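Just so it is clear, the model here is predicted, and its values are computed rather than measured.
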Amino acid sequence: MLYFVNGLFLLTGIVLLLIGITVLVRYSQYEELITNRFFNLAGFVIATAVIILIGSVLGFYGAISQHFYVVSGYVIVLLVILVFEIAITIVGYALSDDSVSEIRTTMAESLQLYGTKIEVAQIWDNLQREFECCGVTGRFDWNPITQIPVSCCHIDYGTVSPFQCGMDNAYIAGCAISLGEFLASQAHIFAVAALTMTCIQVILTALGAYLAWRTKYEEVELES
């Protein structure tokens, strides 16, 4: 039974690790535009997954040794992970609700560096082309800073220079909403995954506690 419990526990760790790394890579594309809350959440998911992988070693040892204190230590690990997964669920849902407001200030600050930092310009150009958006709240954000970048406009195949991107042909939507919705979807993935793992973890913790009690009971019988 403990082999089954620990095998399922190990599987949840692998799933969380894959999700955490995948979302972290997606977040890193927009590192200059988003706050640390997004990276902290991804890092916490990955850390939780690593703890699960390490804790599963204790679980397999407990299954082999059938020692009460080893199994009890494993149950404590299950309880800690349960608390972590509940925390991920809460933070994930909260972040998915306020992603747009969370990044608006950071995006506005980075916009000021468009003409001075090539890496910021590259991120903004890629963002505006990918999401077909312009500026933070709209194309008017570029007026006091510089001319509207070409990435703010749709360019048809076969278009030749000179091409002018201006107020009349720039994308209308602001990138804060577009990027915020994308980030919210990633945070929502964390929340749903953690909620699913929490439900599984409750069952695993209950089974682990039962197995710890049974191990103790069997030790007492052997001693008597």
Side-chain angles (χ1 to χ4, degrees), residues 1-28 30-31 34-99 102-103 182-223:
M1 176 68 79
L2 190 55
Y3 283 108
F4 170 76
V5 170
N6 197 54
L8 195 54
F9 182 56
L10 177 62
L11 181 61
T12 62
I14 294 173
V15 171
L16 281 179
L17 183 63
L18 292 176
I19 293 175
I21 292 175
T22 300
V23 175
L24 182 62
V25 170
R26 291 174 180 172
Y27 281 167
S28 63
Y30 310 105
E31 184 175 1
I34 63 180
T35 63
N36 287 331
R37 282 185 65 191
F38 296 94
F39 292 104
N40 291 341
L41 177 59
F44 188 49
V45 171
I46 293 174
T48 300
V50 171
I51 294 174
I52 291 175
L53 298 182
I54 296 174
S56 64
V57 176
L58 180 63
F60 283 122
Y61 178 70
I64 295 171
S65 66
Q66 293 295 313
H67 288 162
F68 169 72
Y69 291 109
V70 175
V71 179
S72 296
Y74 176 66
V75 173
I76 292 174
V77 173
L78 291 176
L79 285 171
V80 171
I81 295 301
L82 177 60
V83 173
F84 285 179
E85 289 173 347
I86 292 173
I88 293 171
T89 303
I90 295 172
V91 175
Y93 277 120
L95 197 54
S96 65
D97 288 338
D98 60 2
S99 290
E102 177 71 23
I103 63 175
F182 168 76
L183 296 174
S185 68
Q186 303 305 302
H188 189 72
I189 290 174
F190 278 145
V192 172
L195 181 60
T196 303
M197 300 306 170
T198 298
C199 295
I200 297 174
Q201 194 69 25
V202 169
I203 299 173
L204 294 181
T205 304
L207 288 174
Y210 166 73
L211 292 173
W213 173 83
R214 194 179 71 177
T215 302
K216 180 63 175 178
Y217 180 76
E218 289 175 351
E219 286 183 357
V220 170
E221 280 195 335
L222 288 174
E223 290 173 359

Exercise for review: Could you give me the CA-CA distance, side-chain angles and deciding distance for V15 and I19, then say whether side-chain contact (heavy atoms from CB on, under 4.5 Å) is met?
Suggested key: CA-CA 6 Å; V15 171; I19 293 175; 3.8 Å; yes
Check your understanding: If you look at every heavy atom in A187 and Y27, which pair is closest and at what distance?
Key -> N-OH, 3.5 Å
**Study point:** Heavy-atom pair of closest approach, residues A42 and G20
**Key:** CB-O, 4.3 Å
Revision key, fill the gap. Applied to residues 34-51, the salt bridge (charged side-chain N to carboxylate O under 4.0 Å, His left out) test, sequence neighbours excluded, yields R37-D98, R37-E102
Check your understanding: Going from CG on L41 to CG on L24, what distance comes out if it is rounded to the nearest 0.5 angstrom?
Key -> 10.0 Å
Practice item. Search all heavy atoms of G92 against all heavy atoms of A191 and return the closest pair with its distance. Key: C-CB, 3.8 Å
Exercise for review: For F84 and V80, run side-chain contact (heavy atoms from CB on, under 4.5 Å): C-alpha distance rounded to whole Å, both residues' side-chain angles, the deciding distance at 0.1 Å, then the answer.
Suggested key: CA-CA 6 Å; F84 285 179; V80 171; 3.8 Å; yes
Practice item. Determine the minimum heavy-atom distance between F190 and I88, stating which atoms define it. Key: O-CG2, 4.1 Å
Check your understanding: Are any of the side-chain heavy atoms of L16 and E85 separated by less than 4.5 Å?
Key -> yes
Point to revise | From OG1 (T12) to CG (L53), nearest 0.5 Å | key: 8.5 Å
Review point. Hey, is the main chain of L195 close enough, under 3.5 Å, to the side chain of T89 for a donor-acceptor pair?
Key: yes
Review point. Can you tell me how far CD1 of I51 sits from OG of S56, rounded to the nearest 0.5 angstrom?
Key: 12.0 Å
Review point. At their closest point, which heavy atom of I52 faces which heavy atom of F9, and how far apart are they?
Key: CG2-O, 3.1 Å
Review point. Are the side chains of Y30 and F38 in touch, meaning some heavy atoms are under 4.5 Å apart?
Key: no
Practice item. With sequence neighbours excluded, give me every salt bridge (charged side-chain N to carboxylate O under 4.0 Å, His left out) pair touching residues 39-61. Key: none
Exercise for review: Side-chain contact test, heavy atoms from C-beta onward, threshold under 4.5 Å: evaluate it for I21 versus V45 and give yes or no.
Suggested key: no
Practice item. Look up atom CD1 in I86 and atom CD in Q201, then write down how far apart they are to the nearest 0.5 Å. Key: 9.5 Å
Study note, to complete from the structure: Minimal heavy-atom distance between G13 and A49, with the atoms involved, is O-CB, 3.3 Å
Review point. Once you round to the nearest 0.5 Å, how far does CG of L17 lie from OG1 of T22?
Key: 9.0 Å
Check your understanding: Hey, what do you get for CD1 (I14) to CG (L18), rounding to the nearest 0.5 Å?
Key -> 7.5 Å
Check your understanding: So do L79 and V83 actually touch side chain to side chain, heavy atoms under 4.5 Å?
Key -> no
